[in-house]
Structure formats: structure tokens, C-alpha cells
Amino acid sequence: MTLRLKQIRLTNWKCYPSQNITFNLHPDRNIHIIFGNNGHGKTSLMTGILWCLYGGDIVSKETLKTYFYRGKDDSSPVIEMRVELNFTKNEKNYFISRTAKLKVNGSTSYPSVEEALFYEDGTIKASNSREYIEALLPKSIRDFFCFDGLKIEQYTQITQTKEAKEAIEKVLAIPELRNLRDDTEKALQELEKRLNKAEGTSQKFTDKLQQLRELEEEIDLQQGQRKNAKDEEKNAQIIHHDAQEKAAQIESLREKLEEIHNLEKRRIGLQTQLNNLQKSIDSWLKKAAIPLLINFVQEMADDLQVTSLKSTYKTNSTAVLKAILDDESCLCGRCLDQNSRDFILQQIAELESLEVDNATRIEKDQLRIDLQGIIRDNAKFSNYSQLLLQRDLLEEEIEEINQHIKQLKQETTGINQESANDIWRKVGESGKNVERIQEKIERLQKDIEIKEKQLENLREEVEILASENQTTLMLSNQVKMARGLKNATNELIEWHIDNSQKMINQVTSDRYLQITNKPEEYRGVEITPEYTLGIRTITGKLLNPDVLSAGEKEALAFAFITGLNQITDNCVPLIMDTPFGNLDEEHRKNIINSLPNLNSQVIILATDRDLPSPLLNLLLPYTTDIFKIHRLAANEDASVIEVMESY
């Protein structure tokens with residue numbers, strides 16, 4: 001079912017005096033590239049394609065004369081302009097041609113346009129070419145197969161225009177179904193009027209008909225209320241689902257909040273231990289003022305102990321020598337001579353010269369006692385190094401807890417017990433709201449079933465009464481058929497709209513996740529019944545496009561446009577005129593990589609900046625033709641399109 005453009009011929013169209021472009025249709029390659037500088041004729045080429053298909057809806061007759069190419073020396077009284085297109089589909093060839101003439105009379109010109117010609121496999125369809133073109137390429141979908149960067153920007157708006165919504169619904173063939181429903185409604189009303197005015201009807205029959213209409217109106221009203229309630233239920237379900245998802249997320253975060261609470265309690269306990277330990281260390285340092293010099297203190301105490309011993313020894317020695325002098329003889333019994341006495345006196349004098357005064361000796365003894373006290377105190381606090389080690393371990397553990405708490409708080413930013421309770425309150429309220437709406441739907445459904453049973457009985461009575469008269473019997477049967485067609489049409493419209501929106505959502509979401517630069521952050525695209533676009537994040541939040549970057553907006557619109565193209569019955573060519581205006585390099589790359597996955601033929605009109613070599617190389621394996629638009633050297637107002645590469 002793929003429609004492909006095979007050939008374009010331009011004669012005196014804008015900057016193209018005579019141009020023929022033939023696309024190489026490859027079974028496995030679907031991309032064609034036409035390079036051209038700005039102002040050289042890319043947009044003119046795309047406009048020519050649309051004019052050939054839709055004529056005055058693209059270029060009004062008043063402005064058409066500006067589209068004729070006229071050489072500098074062209075003074076012809078009549079100039080003919082023509083655009084011809086050749087399509088293929090399912091081995092059939094379609095040829096479309098549109099011609100306009102410009103009659104020149106001095107400074108006055110008069111354009112005239114001929115109706116397009118439509119050929120199928122060489123056979124002209126002369127009756128009404130517009131119908132054949134519309135069947136091949138509906139005008140309503142032109143924005144979804146032939147578009148530029150400006151069109152993409154329009155689709156990034158939060159609220160779609162009325163025209164855009166109508167165009168989208170035309171793509172989905174919804175207006176045709178609504179027209180069918182309206183037609184059946186009118187036919188039903190007309191038949192009911194005729195039945196009511198039919199000759200030979202009894203008053204009882206007329207009364208029953210009136211009751212029938214009133215009951216049908218009541219049922220229609222309640223069915224409308226049920227439909228609104230179902231739409232309300234759908235929205236309420238979304239709100240409830242979102243609240244449940246947030247609650248589930250908070251529930252998982254609740255464990256982290258509990259962990260933060262437990263960690264903070266443990267940190268308080270460890271901090272208390274650390275504070276007590278620091279007090280012990282401070283007390284130790286006060287009582288042992290020089291704990292790190294305790295060995296030196298020991299040496300000083302030992303030295304003072306030796307000095308004290310030596311002093312005692314000297315005192316005792318002096319006393320012994322003086323006792324000898326007091327005796328007249330030595331211990332051996334020999335009398336001391338003068339020399340011996342002088343020697344002993346000399347020794348006594350030397351010993352006495354080495355002695356300190358008694359106060360100094362007492363002071364040194366006290367100092368020795370104090371130092372020994374310090375040593376004894378140090379013995380009581382001999383675990384000083386162990387205390388420092390314990391302090392270091394506690395500080396490290398507290399720091400680890402602080403880091404863990406910091407990480408958990410980052411993961412639970414904005415979440416506290418109050419917000420958690422608020423979310424659970426919303427879950428309860430939204431759940432009750434869903435239940436309330438469902439109960440309303442159930443009540444309406446029961447009422448409708450009861451009234452439909454009553455309606456069925458009334459219709460049987462009406463049919464019995466109608467059978468008394470041939471005319472009323474025939475009209476009654478026609479009314480019955482029209483009513484059945486109306487009900488079937490309503491059901492078909494509801495199903496088609498619902499199914500189409502699901503398809504758009506799915507295709508657009510798949511496409512967007514392929515081309516966005518943040519696929520890990522998004523769950524997909526959601527399109528409202530009014531065809532406004534939104535992005536559902538992985539956390540369940542629905543983002544409006546206004547919060548997206550320019551590149552993300554264009555990527556979203558591109559996904560939407562190509563998605564609509566892909567779900568149409570006719571998979572038509574995509575002709576894109578420099579569509580990458582605001583896209584960053586990553587988005588461009590993602591879109592380029594997504595193009596080969598499209599079922600459509602893709603024709604890209606681009607500048608060298610739009611498709612630099614790295615991006616172009618990604619497309620080459622899927623490209624059949626590369627063309628280049630040049631300005632003719634002899635005429636700066638004329639362009640020519642030449643083949644650069646063909647695969």
C-alpha cells in the first residue's frame with residue numbers, strides 16, 4: 001500500500017525553466033536527498049508538488065502570476081507553466097499534470113489555470129480529476145507528508161488550532177463517519193415526521209409514537225450522561241493511577257526515610273560516645289600534662305634519685321671522716337700523723353664543697369617526688385593511645401553515616417512524612433472519586449437497560465398498531481432500519497476514535513523514544529482527545545511541551561507528524577524541507593537513524609549545514625539518490641537540479 005513519487009517535471013515553474021527529476025526506486029532503500037543553498041529553489045520545488053495536486057488551495061490565482069519563470073529576454077505574449085508528477089503504487093502508475101498560462105499584454109498579465117489531468121496506467125480519468133487525486137493523496141493529510149520546519153513549530157504548541165485538529169481528524173477519517181451519523185440522524189427524523197403525519201393513523205398510534213420519542217430522548221440523554229461519565233472515569237482513573245504511582249514511589253522512599261531516621265539515631269549515640277571519649281582524653285591530658293614526654297620524666301626522676309643517693313652518701317662519708325678525726329687513732333690502732341690528718345681534712349673539705357644546702361636538697365627531693373607522682377598518674381592512664389584510636393574510629397563511622405544520610409536525603413528530596421500522608425490522602429480521595437463515578441455509570445446503565453426494555457415493548461406496540469395500515473407499516477420499518485443504522489454509526493465512531501487515538505499514542509511514543517536524547521527519562525507520548533501533546537515521564541508525571549527545550553519540542557512534533565503519516569491507509573511519501581532547524585546534534589542523529597525505519601519514501605530537502613558529512617554517512621546505506629540544486633551560470637535567477645550520486 002506504499003505510494004512512491006517516481007518523477008517530477010517542472011516547466012517555467014518559479015526558478016526552474018525546465019527540470020526533470022527521476023527518483024531511483026529501490027526495494028530496500030527509501031531515502032532521497034536534494035541539497036540546495038537557501039534561496040536556490042528547495043521550497044519552490046515542494047510548493048510545485050503541492051500546487052500540482054491541489055491547485056488554488058496552495059497558490060491563489062491572484063499570486064499565481066508571480067510563480068511563472070520569465071527569462072530576462074522573454075517577451076512572449078503567452079507563457080505556459082506546468083508541473084507533472086508520476087507516482088507508483090501496487091504496480092500501478094499514476095500521472096498528474098497541472099498547467100497554467102500567463103497572457104501578457106504590455107504591463108498587464110492574466111493567469112489562467114487548467115484543471116489537473118489524472119492518468120491511471122496511461123488511461124485518463126477525465127470525469128473528475130480532483131476525486132482521483134483526493135483518493136490517492138487526500139488534501140487533508142498534506143501537512144503530514146509535505147512539511148517544513150515552520151510546520152513542525154506549529155505542532156509544538158500546547159493547544160492545537162482548530163484547523164490543526166480538523167486536519168488530524170481528517171487523517172483519521174473521523175469527519176466522514178460523523179457525516180454518516182448526521183445523515184442517518186436526518187433520515188431518521190424525516191422518516192419519523194412522515195410516519196407521524198401518515199394518513200389513516202389512529203390517535204393511539206400517535207400517542208404511542210410520542211411516548212416512543214420521549215423515551216428515546218430520555219435514553220439518548222442518559223447515554224450522553226453515561227458517555228460523559230465514562231470520559232470522567234477515564235480521567236479519574238489517570239489521576240488515581242498517577243497518585244498510586246507516586247504513593248508507590250513514596251512507599252519505597254518511606255523505607256529510605258526510616259533508614260535516615262535510624263541512621264540519625266545511631267549518629268546521635270555515636271556522637272555521645274565520641275563526646276564522652278573526648279572528655280576522657282581531655283581529662284587525661286590535664287592530669288598527665290606531658291604524657292608524650294613520660295620517658296623523659298622518668299629519666300629526670302631517676303637522675304634526681306641518684307643525686308639524692310649521692311648526697312646522702314657524701315653526707316655519710318663526711319660524718320665518718322669527722323669521726324676518725326675525733327679519735328686519736330685510726331681504726332687500725334695506729335695514731336694519726338699530721339699528714340693523715342691533713343689528708344682527711346682535705347677530703348672533708350672537698351666533700352663539704354660538693355654538698356648543697358639543705359633547702360636545695362629538700363626542693364630536689366620534692367621535685368623527685370612530684371615527678372614520680374606524674375609517673376604514677378601516667379600509669380593510671382596508660383591506655384591513651386587506645387583512646388585516640390577509639391576516637392578516630394568513632395569519627396570515621398560518624399562520617400560514613402553522614403555521607404549515607406546525605407545520599408538518602410538527595411534521593412528523597414521533597415519527601416517527608418507530611419507529603420507522604422498528603423499523597424496517600426490523594427490516593428484515597430481519587431479512589432473514592434473513581435468508585436463514585438463507576439457507581440454513577442452503573443446506575444445510568446441500569447436505568448438505560450430498564451428504559452431500553454420499555455422502549456422495546458413500546459416499539460412492539462407501535463409495530464402492531466402500524467401493521468393496521470400499509471403506509472404506516474412501511475414507514476415504521478424504515479424508521480426501525482434508520483434507527484439501527486444511527487446506533488451502529490455512533491458505536492462505530494466511538495470505537496474508531498478510541499482505536500485511532502490509541503494507535504497515534506503508540507506510534508508517536510515509539511517514534512519519540514527513538515529520537516529523544518533522554519529516552520531513559522520518558523515513558524512515552526500522550527495525546528489528548530483534543531490532540532494536544534504531552535510527555536509522560538518515567539515517574540508518571542505528564543509534561544507540557546512548554547517545559548521542553550526547542551530541540552525536544554521539534555523532536556516531539558516530528559514524532560507526531562511521522563506517526564500520523566504512518567497510520568493512514570495510504571502510506572505516502574514524506575517530503576521534508578529543512579526540518580532540523582532547532583535540533584541539536586544528538587536529536588538530529590536520532591532522527592536520521594529513525595528515517596530508515598519508516599515505511600514511507602523519504603525525500604529530504606536540505607542545506608549542507610542540515611546534513612554534514614557525519615550525518616550524511618549514516619543515511620548513505622539507505623539512500624538511492626543525491627541531487628544538488630545549482631544556479632545556472634548564465635542566469636542567476638534560474639536553477640537546475642543535477643544528480644550527484646545514484647545507488
[X]: side chain to side chain donor-acceptor pair (under 3.5 Å) partners, not counting sequence neighbours:
X      : result
Lys486 : Glu185
Asp231 : Lys227
Asn228 : none
Ser613 : none

List the residues meeting ring pair (Phe, Tyr, Trp, His ring centres under 6.0 Å) with [X], not counting sequence neighbours, and say none if there are none.
X      : result
Phe68  : none
Phe35  : none
Tyr622 : none
Trp51  : Trp13

Partner residues of Glu232 under the salt bridge (charged side-chain N to carboxylate O under 4.0 Å, His left out) criterion, sequence neighbours left out: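 Scan of Glu232 (salt bridge (charged side-chain N to carboxylate O under 4.0 Å, His left out), adjacent residues dropped) gives Arg436.
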
List the residues meeting salt bridge (charged side-chain N to carboxylate O under 4.0 Å, His left out) with Glu526, not counting sequence neighbours, and say none if there are none.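 In terms of salt bridge (charged side-chain N to carboxylate O under 4.0 Å, His left out), with neighbours along the sequence ignored, Glu526 is linked to Arg536.
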
Do the charged groups of Arg459 and Glu216 touch, with an N to O distance under 4.0 Å?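 Answer for the salt bridge query: yes.
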
According to the salt bridge (charged side-chain N to carboxylate O under 4.0 Å, His left out) rule, which pairs have a member within residues 496-513, sequence neighbours left out?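 Checked against salt bridge (charged side-chain N to carboxylate O under 4.0 Å, His left out) - neighbours excluded - the pairs reaching residues 496-513 are Lys234-Asp498, Asp498-Lys502.
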
According to salt bridge (charged side-chain N to carboxylate O under 4.0 Å, His left out), does anything in residues 595-609 pair up with another residue at least two apart or in another chain? List the pairs.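 Sorted result for residues 595-609: Asp608-Lys628.
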
Would Lys6 count as a cation-pi partner of Phe23, with NZ or CZ less than 6.0 Å from the six-membered ring centre and within 45° of the ring normal?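 Checked: cation-pi criterion not met.
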
